[in-house]
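What follows is a short report on a single structure.
Only this structure's heavy atoms are used, side chains among them; waters, hydrogens and symmetry mates stay out. Residue numbering restarts at 1 for every chain, and letters A, B, ... go by the order of the sequence lines. Here the structure is a predicted model, which means the values were calculated and not measured.
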Amino acid sequence: MFEIRLQRCDDCGYVRAPEAFACPECLSRDATWTTLSGDGTVETFVWYLRHLDPHTAPLPEPPYNVAVIRLAEGPAIISNVVGVAFGELAVGDAVRAAEDPDVLRFTPAR
Amino acid sequence: MHAQSGFARRAAVVGIGATRQGAHPGVDRYELAFAALTEALADGDVDKLEIDGVLTGQQFDRSGLDPLDVSRLLGINPRVTGTLDYSTGGFTTQYAAMLVATGICETVLCVYARNPPGAMTQLSGGIDEDRTYGLYNAGATAALGWTRYAALYGGREETLGEVAVTHREHARLNPLAAFRDPLTLDDYLAEPYSVWPFRDLDICTMTAGAAALIVTTPERARSGPHRPVLFLASGRRQSARRLQSDEHFLCHAMRDAAAQLYAAADLRPEDVDVLAISDASTAVVVQTLENYGFCGEGEGGDFIAGGGIRVGGRLPVNTDGGQLSGGYLVGWLHQVELVRQLRGEAGERQVEDARVGQYTTTGMFREHYLATLYVAD
């Protein structure tokens with residue numbers, strides 16, 4: 001599983017995304033990089049069914065989805081859900097970080 | 001209410017101008033701007049030497065106009081020139097109103113023009129948001145909101161189609177509009193999805209054209225040829241924290257802007273006679289109606305299905321065809337159309353007894369929120 005590491009504030013415990021040198025909640029400069037569970041929920045998504053103009057290459061080959069994933073620890077991130085076909089993804093689906101050495105993506109949680 | 005006493009009724013639109021919207025092959029954007037701004041000067045009977053502020057629009061790709069170039073074109077040395085980092089029509093005219101309300105300027109020319117490649121053919125919103133995951137196009141960003149909205153409230157694609165069809169009906173009443181061919185709901189539903197849940201018809205297309213407004217004191221505006229249209233209130237919010245903000249894609253930040261707007265004006269949504277929404281997508285019309293309180297949460301579809309947003313309906317929206325069909329000039333045409341409506345000069349698309357007009361917008365990655373209330377003098 002791709003390891004999700006984000007900063008957890010040492011003072012207030014807020015887990016932040018994206019990376020930042022100060023906590024956006026309490027402004028503390030002290031944080032600890034933390035490995036998260038990899039669990040999340042699909043908050044929303046779209047499916048690109050063809051390339052739109054204009055765009056800059058490279059892009060994944062359609063059809064592909066872009067999803068907002070709400071991680072179990074609180075922050076939301078943009079990613080793709082793989083292993084699902086168009087029509088099989090729904091708001092509220094439970095997902096988990098997928099195997100990938102390079103890029104964080106998600107698969108449906110079993 | 002005193003919250004915006006330094007702003008309310010302290011500035012007015014005295015002159016407006018706009019070109020035909022659509023394709024202008026080979027025409028320099030400064031020529032388009034010149035046509036719009038000279039029309040605005042004549043419309044308001046304003047002498048160019050009265051202009052002491054020049055504000056222009058530029059876009060995220062730096063396209064648009066340089067306000068110093070416009071000043072040189074006019075042969076004037078204004079007190080203030082400027083362009084905002086997000087210089088769409090609503091933001092720019094509010095800035096002009098602030099300059100006049102404070103007394104720093106007396107008469108501010110606001111002008112925007114563009115002639116992009118792909119006018120009339122290319123979808124708008126061509127910006128990369130996250131290359132790693134293939135998120136690009138501002139319309140796709142709006143679609144993220146519709147997916148969630150539909151899941152929570154049972155939103156129907158027919159509602160989006162009715163928004164598109166209504167905008168086309170309005171555009172057919174507007175001789176300057178870009179897209180005027182008939183469009184039915186069947187036409188809309190027959191189109192394939194492009195970035196699901198959206199079709200191309202849900203996202204506005206690039207067009208070319210220009211628009212200009214002249215903002216001055218109410219006193220100066222009253223000596224002009226038309227009824228002044230006064231700035232009454234501003235509602236603002238930036239959803240800077242984006243994904244981390246609560247219901248960012250459902251545009252709940254609109255609720256904050258709404259609260260500020262109506263409190264400052266001491267008005268309610270029911271008091272608004274005509275509404276202009278920067279409609280880079282169909283979905284934002286539904287979200288705006290609900291978040292600003294024109295109808296209840298989840299009731300936007302019913303409001304629209306009943307013909308509510310048509311000229312002659314409960315709350316006409318984008319009476320010139322908006323950006324979906326009138327022309328995509330990043331909110332500038334919306335200000336012009338509201339002025340026409342509140343002057344009583346909108347011809348066959350005139351909203352009866354239009355006295356209070358409202359403009360709303362959201363921009364880019366759903367970060368920018370603005371609303372303006374205008375009132376006929």
Side-chain angles (χ1 to χ4, degrees), chain A residues 2 6 14-18 20 23-25 40-71 73-82 84-93 98 100 102-106, chain B residues 61 63 116-118 121-155 191-200 202-203 205-206 240-251 281 283 365-366:
Chain A
F2 186 101
L6 293 175
Y14 182 76
V15 178
R16 58 188 181 254
C23 177
E25 288 294 315
T41 308
V42 174
E43 195 155 279
T44 190
F45 62 94
V46 293
W47 280 93
Y48 286 81
L49 299 181
R50 61 154 226 270
H51 286 312
L52 310 177
D53 276 325
H55 63 84
T56 63
L59 291 172
E61 200 49 43
Y64 70 91
N65 64 68
V66 175
V68 176
I69 306 297
R70 180 68 59 176
L71 299 172
E73 291 81 0
I77 60 171
I78 296 282
S79 189
N80 307 121
V81 179
V82 296
V84 287
F86 173 59
E88 290 178 357
L89 196 57
V91 170
D93 281 354
D100 190 312
D102 303 314
V103 179
L104 170 61
R105 293 196 164 95
F106 291 81
Chain B
D61 57 0
S63 69
T121 57
Q122 196 173 81
L123 280 183
S124 64
I127 185 166
D128 289 343
E129 189 54 50
D130 193 319
R131 289 185 190 193
T132 307
Y133 298 108
L135 177 59
Y136 68 101
N137 189 283
T141 302
L144 283 168
W146 185 252
T147 299
R148 185 161 175 80
Y149 174 89
L152 294 179
Y153 300 108
E191 273 228 342
Y193 301 115
S194 49
V195 51
W196 184 94
F198 279 3
R199 298 165 162 84
D200 280 0
D202 290 302
I203 302 170
T205 298
M206 296 298 289
R241 298 187 70 179
R242 292 158 44 120
L243 308 187
Q244 317 313 326
S245 302
D246 200 46
E247 295 297 4
H248 173 76
F249 291 103
L250 291 186
C251 300
S281 73
F365 198 69
R366 313 288 94 177

Report which part of [X] has an atom under 4.5 Å of a heavy atom belonging to chain B: side chain, backbone, both, or neither.
{"X": "P63(A)", "value": "neither"}
{"X": "P60(A)", "value": "side chain"}
{"X": "A90(A)", "value": "neither"}
{"X": "Y64(A)", "value": "side chain"}
{"X": "I77(A)", "value": "backbone"}

* Below 4.0 angstrom, N of the basic side chain to O of the carboxylate: do R148(B) and E247(B) qualify? ->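 Salt bridge present between R148(B) and E247(B).
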
* May I ask you to say whether D128(B) pairs ionically with R131(B), meaning some side-chain N is under 4.0 Å from a carboxylate O? =>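 A salt bridge links D128(B) with R131(B).
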
[X] versus chain A, heavy atoms under 4.5 Å apart: side chain, backbone, both or neither?
{"X": "A151(B)", "answer": "side chain"}
{"X": "R242(B)", "answer": "neither"}
{"X": "Y193(B)", "answer": "both"}

* Measure from the side-chain N and O atoms of R70(A) to the backbone N and O of T41(A), and report whether any donor-acceptor pair falls under 3.5 Å. =>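 It does not hold such a pair.
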
* To do: Identify which of L152(B), N137(B), D200(B) forms the greatest number of heavy-atom pairs closer than 4.5 Å to chain A.
  =>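 Looking at each option in turn, the highest pair count goes to D200(B).
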
* To do: Under 4.5 Å, counting heavy-atom pairs only, tell me which of A140(B), G139(B), A143(B), S194(B) racks up the most with chain A.
  =>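 The answer is S194(B).
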
